[in-house]
Undergrad: 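Got a structure here, written out as structure tokens. Questions coming.
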Protein chains: 2
Amino acid sequence: MASIKDVAAKAGVSVATVSRVLNDHPSVSPAARTRVLAAVDVLGYRRNAVARSLRTDQTHTLGLVISDVLNPYFTELARSVEEEARALGYSVIFGNADERPELQDHHIRNLLDRRIDGLLVSPTDGGSPLMLDAARAGTPMVFVDRWIPGVDVPVVQADGRAAVRDLVAHLHGLGHRRLAIIAGPAATTTGRERVEAFRAAIAEYGLTLPDDYIGQGDFQAESGRRATERFLDLPEPPEVVFAADNLMALGALDAIRARGMRVPEDIALAAFDDIPWFVHTDPPITAVAQPTGELGRAAVRALVARIEGRTPKSVTLPARLVVRRSCGEPSPEPSPAPATEPSSARRSSPAQRSKP
Amino acid sequence: MASIKDVAAKAGVSVATVSRVLNDHPSVSPAARTRVLAAVDVLGYRRNAVARSLRTDQTHTLGLVISDVLNPYFTELARSVEEEARALGYSVIFGNADERPELQDHHIRNLLDRRIDGLLVSPTDGGSPLMLDAARAGTPMVFVDRWIPGVDVPVVQADGRAAVRDLVAHLHGLGHRRLAIIAGPAATTTGRERVEAFRAAIAEYGLTLPDDYIGQGDFQAESGRRATERFLDLPEPPEVVFAADNLMALGALDAIRARGMRVPEDIALAAFDDIPWFVHTDPPITAVAQPTGELGRAAVRALVARIEGRTPKSVTLPARLVVRRSCGEPSPEPSPAPATEPSSARRSSPAQRSKP
DNA sequence: CTGAAAGCGCTTACAG
DNA sequence: CTGAAAGCGCTTACAG
């Protein structure tokens with residue numbers, strides 16, 4: 001591969017001049033610039049980003065450590081992060097922690113060794129010494145979705161409390177009283193917050209959330225299945241299961257089907273996180289939707305601000321309720337009233353918002 | 001951040017010795033090793049991978065350029081690629097081409113500039129000059145899933161022909177005669193191959209695939225929707241729509257629902273690529289499943305072999321048919337015969353394989 | 001406007 | 001077993 005030296009030789013100038021041309025430095029004569037550009041072209045020269053990074057101490061690379069790529073929520077988050085990063089001139093290296101703290105540490109270590117300019121993390125746990133050290137050492141860092149209390153790092157997240165309150169109002173309005181939740185790991189903020197939001201909303205109706213109605217999940221499908229089976233084995237099973245993420249909702253659906261039961265006739269189901277497939281499950285699933293793309297973009301903007309020496313604020317964006325058919329909502333089809341409307345437009349639009 | 005110099009100073013040795021300890025070079029005295037390790041520990045030293053890469057001309061990084069991360073098939077592929085790469089001591093930088101050739105080129109350029117050791121590509125198109133040049137220039141490279149004819153690069157892919165033949169046999173057995181396909185872009189191998197496999201299988205039954213029954217899609221949901229609408233507008237619409245990937249199947253479902261029609265009563269639907277959600281759509285979708293994880297792992301192994309100077313062979317793994325309920329398959333529930341079996345176990349198992 | 005030179009943080013023959 | 005030194009491919013004051 002041609003190096004800057006080859007270009008300099010071919011253009012008859014010094015490597016310094018070549019470098020200036022490459023970096024759009026103003027003090028280069030038009031003649032020199034032309035010759036350098038011609039040489040670059042002939043040689044098919046491409047600047048070595050590794051050498052440049054070593055010299056400038058900047059890699060123009062962001063690290064993103066997420067908990068589980070296979071979770072469509074995180075896939076979409078990763079996608080928007082990459083898009084915004086690209087728009088700002090950064091590449092991103094992903095690390096998939098697979099909800100395993102050791103793997104998360106592996107990726108953080110790897111990313112740090114590669115001297116990424118900044119780190120975006122959705123922590124799998126309460127924070128390893130490694131991550132805490134990195135934050136303290138001043139590595140530009142931003143938390144997305146999940147965060148670690150007591151660490152001075154900006155957080156970009158969705159606030160699901162209003163939407164969860166909307167959901168509970170919706171469920172209560174449909175006549176449901178026995179509400180259960182499949183929670184995420186207590187070591188994560190989202191694991192705790194969603195349960196608390198649910199409990200608080202339920203309390204507003206004078207209801208309680210008994211311990212039996214709190215299933216302990218880990219944000220993966222299998223744990224949703226197990227928690228649901230336990231609910232169904234209860235002497236008095238819940239009327240509604242609220243899964244704290246989309247994968248656990250998938251597991252819950254599996255478990256319910258495996259018993260030969262039906263949603264929502266035998267038991268209702270709602271989920272935190274909305275994904276395109278929820279429109280097409282049987283039945284379509286009522287869910288709390290996060291502004292995922294906007295979260296990813298805001299996180300990148302905050303991180304780049306930190307890298308550039310500014311001190312970005314945390315960002316909190318509201319989630320919203322999307323009502324579909326999994327909680328016993330009245331079927332829109334046989335309804336004779338709104339005859340002008342195409343049959344499926346109302347119930348499956350992701351833009352729909354409940355107003356309790 | 002502490003550098004190797006700091007470690008050397010603290011340990012009272014030369015940087016050469018520190019480097020040897022770090023690289024497990026045999027000729028280091030136990031005493032020196034101990035002092036170096038202690039210094040590393042005290043300083044919290046971490047080797048600068050950028051500097052190391054510049055010196056050794058190896059980044060231990062693989063580039064993976066895929067067509068669309070949001071497609072669950074590619075998400076899973078990416079995940080298995082990262083896992084196998086990690087097992088072999090490599091990191092991977094992802095580039096999402098979003099089915100756009102210019103974006104694909106952007107990523108390839110970026111990856112090449114970063115001096116990745118090897119490139120894994122699932123080409124979005126017939127191959128840009130950039131990609132062709134890279135292949136010719138000897139960049140270690142492997143194609144996964146999609147490939148480019150006439151380029152001397154190993155290919156790791158699934159062969160769907162047998163499974164598509166199984167599918168057509170299945171459809172024919174259910175009484176369907178008017179079969180349509182939503183194809184992927186003709187610029188991709190998978191876009192062409194799946195149509196050809198379908199056409200060939202249909203021919204075995206003395207049937208044909210009229211042009212009207214070939215919808216032109218781009219592997220994205222929206223194109224599946226449009227193609228399906230066109231099918232439904234035909235004077236004689238097809239009895240079955242076979243979508244050449246899972247996202248177009250999603251779009252097809254949307255379009256069918258939007259007309260107030262039902263699957264499979266009004267029209268049957270099958271898809272290439274199987275994903276966990278297909279078990280829970282309404283109805284569960286009959287699909288051709290690729291051995292996705294194994295493809296990703298095999299691709300990484302082939303690429304690393306190439307990087308290490310060996311000359312790996314192409315790998316082709318068989319896909320298989322997974323029968324569910326979207327093609328008018330008889331419902332298993334009311335069947336009195338297999339009373340011993342739990343109600344949903346049979347029809348939704350991803351391991352199930354049709355034997356026509 | 002231009003070039004010689006130092007230096008980023010490593011690794012690795014070479015000599016001892 | 002160990003260290004001095006060269007060099008990977010760049011960038012950037014510094015001097016002219």
Undergrad: Where the side chain of Thr75(A) meets the backbone of Val69(A), is there a donor-acceptor pair that is under 3.5 Å apart?
TA: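 Yes, Thr75(A) side chain to Val69(A) backbone: donor-acceptor pair under 3.5 Å.
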
Undergrad: How do Leu54(B) and Arg33(B) order along DNA chain D: which one's closest nucleotide is nearer the 5' end?
TA: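 Result: Arg33(B).
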
Undergrad: Any ion pair linking Asp113(B) and Arg52(A) (charged N to carboxylate O, less than 4.0 Å)?
TA: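 No, this pair does not count.
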
Undergrad: Using both distances under 3.5 Å as the test, list the Watson-Crick or G-U wobble partner of dA13(D), or none.
TA: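 Answer to the pairing question: none, since dA13(D) forms no Watson-Crick or G-U pair.
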
Undergrad: Tell me which nucleotide among dT2(C), dT11(D), dT2(D) gets nearest to the side chain of Ser27(A).
TA: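 The closest nucleotide is dT2(C).
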
Undergrad: Determine which nucleotide pairs with dA4(D), using a 3.5 Å limit on both distances of a Watson-Crick or G-U wobble pair.
TA: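 Result: none.
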
Undergrad: Here's a test of your reading of the structure: between Pro30(B) and Arg55(A), which maps to the more 5' nucleotide of DNA chain D?
TA: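 Per heavy-atom nearest nucleotide, the more 5' residue is Pro30(B).
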
Undergrad: Spell out, as yes or no, whether a donor-acceptor pair under 3.5 Å connects the side chain of Asp117(B) to the backbone of Thr59(B).
TA: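 Confirmed, Asp117(B) side chain pairs with Thr59(B) backbone.
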
Undergrad: Among the candidates dC10(D), dT11(C), dT2(D), find the nucleotide nearest to the side-chain atoms of Ala32(B).
TA: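 The listed nucleotide nearest to Ala32(B)'s side chain is dT2(D).
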
Undergrad: Check the surroundings of atom CG in Asp133(A): do more than 12 heavy atoms from other residues, nucleotides or ligands lie under 6.0 Å from it?
TA: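 Yes.
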
Undergrad: Taking atom types as they are modelled, is there a donor-acceptor pair under 3.5 Å from the base of dG3(C) to the side chain of Arg20(A)?
TA: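 Such a pair is found, so the answer is yes.
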
Undergrad: Nearest-Å distance, CG (Leu22(B)) to P (dT12(C))?
TA: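 Computing the Leu22(B):CG to dT12(C):P distance gives 12 Å.
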
Undergrad: In whole angstrom, what separates Met1(A)'s CE from dC10(D)'s C1'?
TA: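 Value for this atom pair: 15 Å.
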
Undergrad: Give a yes/no on whether any side-chain N or O of Arg47(A) is located under 4.0 angstrom from OP1 or OP2 of dT11(D).
TA: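 True: Arg47(A) side-chain N/O within range (under 4.0 Å) of dT11(D) OP1/OP2.
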
Undergrad: Just checking Pro26(B): base, sugar-phosphate only, or nothing, at a heavy-atom cut-off of under 4.0 Å?
TA: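 Result for Pro26(B) = sugar-phosphate.
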
Undergrad: Is Asp24(A) close to Arg33(A) at the side-chain level, that is, under 4.5 Å between some pair of heavy atoms?
TA: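 They are in contact (side-chain heavy atoms under 4.5 Å apart), so the answer is yes.
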
Undergrad: Please determine, for the side chain of Asn23(B), which listed nucleotide (dT2(C), dT11(C), dG9(C)) has the closest atom?
TA: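 That would be dT11(C).
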
Undergrad: What nucleotide among dT2(C), dT11(D), dT11(C) has an atom nearest to a side-chain atom of Ile4(B)?
TA: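 Nearest to the side-chain atoms of Ile4(B), counting from C-beta on, is dT11(C).
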
Undergrad: Where the side chain of Lys5(B) is concerned, which of dC8(C), dC10(D), dT11(C) is the nearest nucleotide?
TA: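 Minimum distance to the Lys5(B) side chain belongs to dC8(C).
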
Undergrad: Starting at OH of Tyr45(A) and ending at P of dG9(D), how long is that distance when rounded to a whole Å?
TA: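 The distance from OH of Tyr45(A) to P of dG9(D) comes to 10 Å, rounded to the nearest Å.
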
Undergrad: So does Ser19(A) get a side-chain nitrogen or oxygen closer than 4.0 Å to the phosphate oxygens (OP1/OP2) of dT12(D)?
TA: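 Result: no.
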
Undergrad: To the side chain of Thr17(A), which of dT12(C), dT2(C), dT2(D) is closest?
TA: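 The closest nucleotide is dT2(C).
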
Undergrad: Measure the distance from CZ on Arg115(B) to C1' on dC10(D) and round it to the nearest whole Å.
TA: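 Nearest whole value for this atom pair: 11 Å.
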
Undergrad: Could you check which of dG3(C), dT2(D), dT11(D) has an atom nearest any side-chain atom of Val13(A)?
TA: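 Nearest to the side chain of Val13(A) among the choices is dG3(C).
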
Undergrad: Calculate the interatomic distance between Asp24(B) atom CG and dT12(C) atom C1'; express it in whole Å.
TA: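 Nearest whole value for this atom pair: 16 Å.
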
Undergrad: Between dA5(D), dC10(C), dA4(C), which one does the side chain of Ala16(B) approach most closely?
TA: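 Of dA5(D), dC10(C), dA4(C), dA5(D) is nearest to the side chain of Ala16(B).
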
Undergrad: Measure from CD on Gln58(A) to C1' on dC8(C) and round the result to the nearest Å.
TA: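 Roughly 13 Å, once rounded to whole Å.
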
Undergrad: Check the phosphate of dG3(D) against Ser14(B), side-chain N and O only, distance under 4.0 Å to OP1 or OP2. Yes or no?
TA: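 Checking dG3(D) against Ser14(B), a side-chain N or O does come within under 4.0 Å of OP1 or OP2.
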
Undergrad: Could you tell me how far apart Arg114(B) (CZ) and dG9(D) (P) are, to the nearest whole angstrom?
TA: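 Whole-Å distance recorded here is 18 Å.
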
Undergrad: Can we say Glu294(A) and Arg301(A) salt-bridge, meaning some charged N sits less than 4.0 Å from an Asp/Glu carboxylate O?
TA: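 Looking at Glu294(A) and Arg301(A), the cut-off is met.
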
Undergrad: What integer distance in Å separates His25(A):NE2 from dC1(C):P?
TA: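 Roughly 9 Å, once rounded to whole Å.
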
